[in-house]
Amino acid sequence: KHHYRAFAYGNNADLIMLDERLEGRTKPADSLKDPLLMSEQQSMLGEEQLAWLKTTLIQSKATWKIIGNQVIFSEVDQSGPYPSQPRNLDSWDGYPFEQKEVAAFLQSSKLNNVIFVTGDTHASWAFEVAEHKKYNPKTAEGAYAIELGTPSISSSNWNEYTTDDTVKMSEIKLMSDNPHLKYGNARDHGYLLLKLNNEQAVAEWWYVNTLRIPSATETLGKKMFVKTDIYQLQ
């Protein structure tokens, strides 16, 4: 049996769950200077899973194509807060050949309503997925998907190691350096709620005030909308 699989929710959504740890992933490059980084042999999904992803997306008749994704797909320049690690090589940025292949497929296939739902960063994110040279951050022209990142429930995030103010500055810097990043929160714990209908997708990030004591209190930290057939976060 494979670790990747798909679920259908009527005509509303197909949920396509990827595996990016076991099925076909090769060892990540050690640094941006590592010749392994740009190699065609570098693979996040593996040949079989990649072919399955493409076929499943093409055959989907659902309004929304939701890709359950373990590490961030969008390109992220993180040199501002992390000058010694300008790219996260554990994410898709560490597998640029296959990252570009998936990007080219999504664009050439002209698929509507593709949303990556991503974990493993312990933080909240909202990206208009795009090739930077073709992208207009004001109009979202050039975006070919949406990516939403869910925070951790209890795993450590950025303010476990530094102050909230320092993390806020890092968030601001990341959004400034990455105009396709429309929301970032690396401080709060909680969950992402995604609601889908024929007209729009609604993303809600819900947070708790503390993990130190049991509490049922939660706060809506951010709410964003994506209209069908328009890859723009509002």
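Position 1 is the first residue of the sequence; numbering continues from there. All values reported here derive from a predicted model rather than from experimental measurement. Just so it is clear, the values below take in all heavy atoms, side chains as well, and ignore hydrogens, waters and symmetry mates.
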Heavy-atom count check: over 12 atoms from other residues, nucleotides or ligands less than 6.0 Å from Gln41 CD? no
Using the rule that two of Ile, Leu, Val, Met, Phe, Trp, Tyr join whenever any of their side-chain heavy atoms come within less than 4.5 Å, decide whether Met224 and Ile67 are in one cluster. yes
Donor-acceptor pair, side chain of Asp19 and main chain of Leu22, under 3.5 angstrom: yes
Whether Ser109 side chain and Phe105 backbone form a donor-acceptor pair below 3.5 Å: yes
Are the side chains of Val71 and Arg21 in contact, using a 4.5 Å heavy-atom criterion? yes
Is a donor from one side chain sitting under 3.5 angstrom from an acceptor on the other, for Ser91 and Asp93? no
Is it true that Tyr4 and Glu23 share a donor-acceptor pair across their side chains at a distance under 3.5 Å? no
Glu131 versus Gln107, side-chain donor and acceptor atoms under 3.5 Å: yes
Measuring only between side-chain heavy atoms, which start at C-beta, is Thr228 closer than 4.5 Å to Gln200? no
Would a hydrophobic clustering, with Ile, Leu, Val, Met, Phe, Trp and Tyr connected at side-chain separations under 4.5 Å, put Leu196 with Leu220? no
Trp158 and Tyr82 aromatic ring geometry - parallel, tilted or perpendicular at 30°/60° bounds: perpendicular
Is any side-chain heavy atom of Leu194 closer than 4.5 Å to one of Val117? yes
Quick one: does any side-chain atom of Glu98 pair with a main-chain N or O of Met44 as donor and acceptor, under 3.5 Å? yes
Closest heavy-atom pair and its distance - Asn112, Tyr231: C-OH, 3.2 Å
Is it the case that the side chains of Glu48 and His2 hold a donor-acceptor pair, with the cut-off being a distance below 3.5 Å and no angle test? yes
Closer than 3.5 angstrom, by distance alone: can the side chain of Asn178 be matched with the main-chain N or O of His180 as a donor-acceptor pair? no
So, Thr219 side chain and Gly221 main chain: donor-acceptor pair closer than 3.5 Å or not? no
Side chain to side chain donor-acceptor pair (under 3.5 Å) between Thr63 and Asn12: does it pass, once the steps are laid out? CA-CA 5 Å; Thr63 300; Asn12 188 30; 5.1 Å; no
Given side chain to side chain donor-acceptor pair (under 3.5 Å), test Tyr144 with Glu128 step by step and report yes or no. CA-CA 8 Å; Tyr144 58 86; Glu128 294 171 352; over 6 Å; no
Taken to the nearest 0.5 Å, the spacing of Lys65 NZ from Ile16 CD1 works out to 9.0 Å
Roughly how far apart are Tyr191 OH and Trp206 CH2, rounded to 0.5 Å? 6.0 Å
Measure the shortest side-chain to side-chain distance between Ile115 and Glu147 over non-hydrogen atoms and say whether it is less than 4.5 angstrom. no
Distance-only polar pair, side chains of Tyr207 and Ser124, donor-acceptor under 3.5 Å: yes
Donor-acceptor contact present, side-chain Thr56 to main-chain Trp52, <3.5 Å: yes
Locate the shortest heavy-atom distance separating Asp14 from Lys61; write the atom from each residue and the value. OD2-N, 4.2 Å
Would the number of heavy atoms belonging to other residues, nucleotides or ligands and lying under 6.0 Å from NZ of Lys173 be above 12? no
Check: Asp164 main-chain N/O paired with Asn159 side-chain donor or acceptor under 3.5 Å: no
Please assess Glu141 against Lys134 for the test salt bridge (Lys or Arg N to Asp or Glu O under 4.0 Å), listing each intermediate value before the final yes or no. CA-CA 8 Å; Glu141 182 180 358; Lys134 301 178 181 179; over 6 Å; no
Starting from Phe225, can I reach Trp64 by hopping between I/L/V/M/F/W/Y residues whose side chains sit under 4.5 Å apart? no
Heavy-atom nearest pair, Ala203 first then Leu148, reads CB-CD1, 3.8 Å
Quick check: does any side chain N or O of Ser176 sit under 3.5 Å from a backbone N or O of Ile172, one acting as donor and the other as acceptor? no
Does the side chain of Gln234 reach to within under 4.5 Å of the side chain of Lys227, using non-hydrogen atoms? yes
Polar side-chain atom of Glu218 near backbone of Gly190 as donor-acceptor pair, under 3.5 Å: no
Heavy-atom check, side chain of Pro81 versus side chain of Leu174, under 4.5 Å: yes
Do the side chain of Gln42 and the main chain of Lys27 share a donor and acceptor less than 3.5 angstrom apart? yes
Does Lys222 pair with Glu204 as a salt bridge, N-O distance under 4.0 Å? no
CA sep, side-chain torsions, deciding dist, call: Glu75, Lys100, salt bridge (Lys or Arg N to Asp or Glu O under 4.0 Å): CA-CA 10 Å; Glu75 297 180 46; Lys100 287 180 172 58; 5.4 Å; no
Please say yes or no: joined through hydrophobic side-chain contacts below 4.5 Å, possibly via intermediate residues, are Leu111 and Leu233 part of one cluster? yes
CG of Leu50 to CG of Leu53: how many Å apart, nearest 0.5 Å? 6.5 Å
Trp125 to Gly184 - nearest heavy-atom pair and separation: CE3-CA, 3.9 Å
Check whether Leu211 and Val167 end up in the same hydrophobic cluster, where Ile, Leu, Val, Met, Phe, Trp and Tyr are linked by side-chain heavy atoms less than 4.5 Å apart. no
So which atom in Lys182 and which in Pro137 form the shortest heavy-atom distance, rounded to 0.1 Å? NZ-O, 3.1 Å
Answer yes or no: are there more than 12 heavy-atom neighbours, outside Asn197 itself, under 6.0 Å from its atom CG? yes
Indicate yes or no: at least one non-hydrogen side-chain atom of Leu45 is less than 4.5 angstrom from one of Arg25. no
Aromatic contact, Tyr183 with Trp205 (centres under 6.0 Å): yes
Can you confirm whether Leu89 sits close enough to Leu32 that some side-chain heavy atom of one is under 4.5 Å from a side-chain heavy atom of the other? yes
State the CG-CG distance between Asp30 and Leu36, to the nearest 0.5 angstrom. 8.0 Å
Strictly by modelled atom types, are Asn69 and Trp92 linked by a side-chain donor-acceptor pair under 3.5 Å? yes
Heavy-atom pair with the smallest gap, counting every atom of Ser156 and Tyr161: OG-OH, 3.1 Å
